[in-house]
Amino acid sequence: MPPTLFQKLFNKRGPLSPPPRSSTEDPALSWPSSELELGQIRLIVYQDCERRGRNVLFDSNSKKKSAEDASVTKMCGQSQAKMFGKCCQLRPLGGSSSSLDSSSSCASEPREHNRFQGTPHCSSDANMLGEMMFGSVAMSYKGSTLKIHQIRSPPQLMLSKVFTARTGSSVYGSLNTLQDSLEFISQDSNTLRPDQGTVVNGFLGNIGFSQLCSPRRAFSEQGPLRLIKSASFFSGHSNPMDMPGRGLYDERDSGIARSASLSSLLITPFPSPGSSLTSSCASSYQRRWLRSQTTSLENGVFPRWSVEESFNMSDENSGPSLGITRKKKIAIGVIFLLSPNEEENSKFQDFFFSHFPLFESHMNKLKSAIEQAMKMSRRSADVSQRVLAHSRIVDGLNEFRTTICNLYTMPRVTEPVWLTMMSGAPEKNQFCGQFIRELAFLMEQASKNQFLPALLTAVLTNHLAWVPTVMPNGQPPIKIFLEKHSSQSVDMLAKTHPYNPLWAQLGDLYGAIGSPVRLARTVVVGRRQELVQRLLYILTYFIRCSELLETHLLESAEDEAIVMPGSLITTSLRRGEVEESDYVLVTMHKPNHDYLSQGAEAEDGYPSDSNSLQSSTYTDTELGLGVPEDQLPEQRLQHVIPVIRAEDHSDGPTFREVGSPRPDARLETMVKVGSTSPRESGPFVDIEGQSEKPDVEVSSLSIKMFRSSGIPLEKKPPDKSLASTSFLLDEEEEPAAKVTFLIGDSMSPESDMESRQGKVEEEFNRHRNRHFDEEQQQPCRSVQQGRAKALLSKPLSTDQIRNNKSKEAKPFARIAGDIPHISPETQEDCMDLFDEYFSEENPVETMTIDDVSVKALETAANGVDKLHKCGQTSSRVGSLVGTHEQVCVQREGGQCKCSTSSTTTIGGYTSCYFAEQDKSIGISLSVPSQRDIGEQKKVPPLNDWEIPRNESSDSALGDSESEDAGQELPRQEQDEQFFSEELAEWQDELEVPFPGAKLVENYSKPSIANFGRSLFGGYCPTYVPDFVLHGIPNDDKLRQSLVSDLSHAVQHPVLDEPIAEAVCIIADTDRWTVQVASSQRRATENKLGKEVLVSNLVSNLLQSTYQLYRLNLSPNFCIMHLEDRLQELYFKSKMLAEYLKGQTRVHVKELGMVLGIESSDLPLLAAIASTHSPYVAQILL
Amino acid sequence: MNALVALCHFCELHGPRTLFCTEAVHPPAPSPPQPGSALLGDREAEREGEGLTMRANSSATQRADMCEGCRSLPVSHPGFVSVDTETGIRFLSHQHPRQAQLFSVVRQACVRSLSCEVCPGREGPIFFGDEQHGFVFSHTFFIKDSLARGFQRWYSIVMVAMDRIYLINSWPFLLRHLKLTIQSLQSTALKVFDSEQGVCPQRAVRMNSAFSPAVFPHQRSGNAARSLPSLTQHPNLWASLHASFSWLLKACGSRLTEKLLEGAPTEDTLVLIERQTEQEEEMNAEGAGGKSESAQCRDFLFGDDGKGEEYCGPNFRSLRHLRQVLGAAEFRQLAWHVLMGNQVIWRGTDRGLIQSAFNVLKTLLPVGCVRVEAYSSQYEEAYRYNFLGLSPDVQIPAHVSSSEFTVLVDVLNVEQGCVHVVCDDDVLSLYQFSISSANTQPVDKGPTLLNKLEVALTNENLSVEVVSHCLLCLKEEWMNKVKVLFKFTKVDGRGRDDTQKVLVLLGATGPGEEDNVRLLKFWMTGLSKTYKSHLMTAVRGVERTLSQ
């Protein structure tokens, strides 16, 4: 009695739309009706050759102008047969007229334009588009470059990629294969005439072609830092630019790419978490964490992995060509003509940007088609071949257009069950009821051939994202069981280590969370639309993904601009209403000159953000205030820099120690601007250990600020410290308003080791010179070692450092204590200490650097860092007080010494760099463009400071910041200001309260910009390859394209990570079959894929849920039961994983007797296990 | 967001320059799981190396080739930092990124954005990039300058990230917000421009002076390059920009949030949590009583606990071990009683041994069904403890010893003279066990769970870990049946016939049916209160609403 049930179901459905609604009924509800016509997508292909400039190979627009392209082509004579000849030659070169363009055959042989485009007319914007795609300056980078442009009128969006063309099968191959026919022809003309303008190009043109193609030349072009000036070099800008490439690594990249597909078969794409994955670890968390790490800038800029993305015009069998990329680039641009309707326009843009991975993937497919076509046309001069080639591009384009249009416009499942339930809609109970009813209905109607269990087996095996949703979690439930828990760890991760939730969602949907990574899609085929839709509906419960919420700013658009420059910002911390945490309310006042002149207006009662108002005073005073910290106790200053002694004495009484009875408490002097006499503005007390805290943990990061009055202010949100902050604005206290922030996180970039080391060494040397007056290189080195040793014996821990804050004095707890300690008493003490640490008698010295463990070295480096601070401050003081000259000389001397490799400094440098070397190798290796730095690190200590730095690729950019610091030094020596500037250089950054807005989480309405909503297709008239799930009436189109789709999915994975296998589940409701097609299996004739074994466990699970429903248990309970049963699958997979640890093969019988696991369950359980125990796949494969 | 934002400028004299750059520094490790920790360690090491930074802000090297327009913060300026207290992410602004690699990446982005890439209309957004140099969202724009060539200067704001997908995903968001920033800059500058022009119209000045491109910049020597703050007459511009960029990074990173569900906790977990809560309440009430039964509770989940290890005498290490020691038949009998909820009494001198036996045996049951008194000097009623350890001299009341719901295990020392080898593992050589029960029912039919477990225990191919996983699976499987039965009988109050149907459905019928049912009923007592009350209230309430 399906009809009655059906009616029963849908008569009562109310506002909540039931699933099996016809897609045509009311598409607006589920998926905004969108329009995109094939014609709105345009393809344009360029070729850019170093010698001959740029030309359009294909432009779907110009082709359109002559509809009968085929006939035109047929009429083309032999001479016009150059299939991809230049439709028009583009000469973006400023000044050079196109008529001069010798390589262009346009001028001389206009008829040649009658190619596929069928018309010599070249789109008017072709020039511009080419320029946009290639850029006005060529890059030496050999990978592909991705670009997106917005064109305003007519509104268009262009997605383009530039590839380096790889022609030629091998260097030693015949020239003919190296050359594509087009080039041959134009080469001809090139040799006949001088090339336009540039001598070089003309010369190259005349060299002749064998030379050009000679292996040697080819190899020489592989140099890592090539400077390419494209033929179309755009001289409009003032400085010629070259783009430094990291050529050396190009090779390596492709190597990675090649091996990636192999390794990914077995292993997770990322640095394998391996067996360290504990059972408690949800794979979803792991995935996201890794994503955040692999895309983090802080970890350095590594190309993560890349598909082989050069444009391959060589023959397939040639393998990775040994080379030779001639400087030819192919640009493929896809242009979307946007609707003039603003709303439609922004809708498409939302869709485009959120679904970019899919667009990119299809573009790659299109690229392959173009590649093939060009190969084809290259291979033969036969016209028909070229026609064929051309039509291939047209086919590719059409496929692209259709796919995109379908993707955008096809109907969607109105309310994916899982996501809707998850969203906690008030109608959830009804929703559960509806789902269970549907499930029951299908159990009755679709049980033929075990259809439903088979389908569900396949889905659960491949769309694995349900697994994390049943992994038990340790927290008590919130209110309702059904709601399970939203993962807090993932939540926190997203905040602290942002990853891309859209990406994560996409991965979930495709089930790409196991190991090896598999991409799965499900297609339900059948003529009975209603049945198919019901199936789709049910499956949206089992195919799961995370729900994406879009965060919006609560405030109006005006306030979104919160932090406009030119506006006054006020911030206040408010208790969050939605989130638990506080948020900073930032109020922005429109740009307005009044307040700029007036200064603060705290009119709304919020204390103004101290930064925005005060930074002007800050910068004004900065020069003078440059001595914020004097970490050196007085006595030390006395002998180091005599001048300051007096100052210190006069200041002495006013120093107050706050918080620490230690004799070596650090005091910061506040020195008044402009006058050398330090105006007493109250001592600043450094919080020990905070500024010195090694980079152990950031989490414990605490910030305190001390007002000049010496009263420690807890750094508080502005509104909480309203009273105290407000007086900061007081004019009277202006000098005191300077607030020192000490941020105890030396992980921050301010730890500029290089320079600090320099300084500390100077300090060292100064001491050494004074006390021992001897010149030695080795001791300095041993000093470091000794220190390392000292540190080893007295390892410093955060705790200890914290303790320093408290009363106990632990003088030797930290290396940083050294210098302060030196000073308290007398010079002799100093000497002693120096002896202890630095003298040659110290047995530690005999250690070689190799003996010192890396750890020790690192610790030592920390220590050094601290010493720097001391040293550095002392020099600051010194210079401020008027010993500029002396310090200056020393400083400059120090640096000069470095470069001239003499005297004591070097030793120190050496060890410093040694200490860091271990840590830095990875980085310096990977960035050849940072060569200068890397070399500094790696150079053998004693000689190589003079490495010419102008090899730096950066230099060509006209930016000489990193060049030849030494040469500029003398100049600076005379520059008085330099010092005052230099003084402040090593301060910690100015703290600016974090600007925030009230971020409010909103549920994303069924949004176009959300894979969870967009990839659950409805019953579509035709097959759509991107949909995670959809229904189609017949499998005609599917049969045609499935194989290529699957292999494409593996070759150009949308997930930006290597994919081991792509599968497609095909459920045919007409034949009651469920098959799984795989990219790894050849489809056998007439069969799309492999029949699915019905898992007994799944079958039972369905049965019992269904029976419970039949027994009139409430739908909610049935769903809870269903979830429990799914959880059982998870537990069984855990057991299987454990079992496999000790086995090389599964003895099904053993498992069967104990757990009722049958061989038909194994694929399912193994797949589940692969999400938590990656090794399982390796064992089973 | 894993990105950085930079303001770039095309200087008339020096070409493209990075003016100001804001980066996010994330806390090193997220609090949660260990899984990444191995990986994390590596990363950590790498990161430390990053301490070696460019002397990006170093005055020593830059000054010569910098004009006002090329510079943001005065060299003396330490930069800005803002800390997002919620997450610990720090946002740092300097003129250049301090890390060498990023320095170069940003410079690339800057150069490309201002001199290589072509944006139609020159002002507007573009995206470009590649895997090696990172990906860039760039928005170029002009700022009015009465003294500049063409009366305007050329700037761009770039956002650089390695995750191209995210960057592109964020395009609409970035565009919207960068536009606001840019418009604000432009309008402020426009006002300045207008007022300057009002004072001294440059056009006229220039028309009158002999103009040649080569001389032009030099003509305006001092003013050749004006800084952005001077163009906007906004002295706090950089601080504002820092705030703006920091906000952008944060907002863009948290624009989309994910709601990700995890599975419900198991019944065992729930019971443990409940017990812990109870205990805490008790302790709060009593004030003292530091016996950490909560710790004990935790041990339920994991079978053998620390206490077993502390005690180094002979003990039972696993079910399998227990079975070996007792013998298959005896073990079965004992396990049967355990599963049926009967009281299991162990009497003997070796307290540790008894404790270990209980630790092993209790793994057979859901946590909620376990009530242990490991060693007592007097008999305790069955309703209080289903595992009871007694010293040998304790007399067991007659009604208990004659009850079929009790099983007694007497641990007898083997007369071996003096046993010195205390830690000897061979329990068997030390003790004899005599099991007695008044139970007359056969124990060899069911329950099904026990049958399966025995198969697993017998199969030496399966390691102890595998067996314990098996047991976990079996327990969960049966707990799920328990839930159904509970719902059916206790909540919905169904009749006998229906119940029988459910039993069939649950696979509890067939051989050993009686035992299965007993087990289910016993286990029902072990359901967590949370679950029960949930079923009682929530689900019922739902049904009520549904039926309405």
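Chain naming here is simple, since letters A, B, ... match the order of the sequence lines and numbering starts at 1 in each.
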Side chain from CB out, backbone as N, CA, C, O: work out which of these in [X] comes under 4.5 Å of a heavy atom of chain A, or both, or neither.
X        : value
B/Leu256 : both
B/Ile165 : both
B/Leu462 : side chain
B/Leu4   : both

> Should the ring pair A/Phe356 and B/Phe127 be called parallel, tilted or perpendicular, given that the plane angle runs from 0 to 90° and is split at 30 and 60?
Replying inline: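 Correct class here is tilted.
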
>> Is the ring pair B/Trp171/A/Phe353 parallel, tilted or perpendicular, if the boundaries are 30 and 60 degrees?
In response: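 Ring orientation, 0 to 90° scale: parallel.
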
> Considering only heavy atoms, which portion of A/His1121 lies under 4.5 Å from any heavy atom of chain B: side chain, backbone, both, or neither?
Replying inline: side chain

>> If I measure from the heavy atoms of chain B, does A/Gln150 come under 4.5 Å with its side chain, its backbone, both, or neither?
In response: both

> Is B/Lys483 close enough and on-axis enough to B/Tyr531, meaning under 6.0 Å and within 45°, for cation-pi?
Replying inline: yes

With chain A, which of [options] has the greatest number of heavy-atom pairs at distances under 4.5 Å?
options                                : answer
B/Val466, B/Ile168, B/Val455, B/Leu506 : B/Ile168
B/Val160, B/Leu474, B/Val484           : B/Val484
B/Leu453, B/Asp498, B/Ile89            : B/Ile89

>> What's the separation between atom CD in B/Glu476 and atom CZ in A/Phe1131, rounded to the nearest 0.5 Å?
In response: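 Here the interatomic distance stands at 4.0 Å.
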
> Going through the distances and angles, do A/Lys1132 and B/Glu477 end up as a salt bridge (Lys or Arg N to Asp or Glu O under 4.0 Å)?
Replying inline: CA-CA 10 Å; A/Lys1132 291 200 161 78; B/Glu477 194 180 316; 3.4 Å; yes

> Is the backbone of B/Ser184 close enough, under 3.5 Å, to the side chain of B/Ser187 for a donor and an acceptor to pair up by distance?
Replying inline: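 Side chain of B/Ser187 to backbone of B/Ser184: a pair is present.
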
> Do you know which of A/Ser354, A/Ser546, A/Pro357, A/Ala504 has the most heavy-atom pairs under 4.5 Å to chain B?
Replying inline: A/Ser546

>> Counting heavy-atom pairs closer than 4.5 Å to chain B, which one of A/Gln505, A/Met128, A/Arg152 comes out on top?
In response: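 Winner by heavy-atom pair count: A/Arg152.
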
> A/Gly135 and A/Lys147: which non-hydrogen atoms are nearest, and at how many Å?
Replying inline: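 For A/Gly135 and A/Lys147, the tightest heavy-atom pair comes out as N-NZ, 3.6 Å.
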
>> Check B/Glu131 with B/Arg164, please: is the shortest side-chain N to carboxylate O separation under 4.0 Å?
In response: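 Looking at B/Glu131 together with B/Arg164, the answer is yes, because their closest N to O distance falls below 4.0 Å.
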
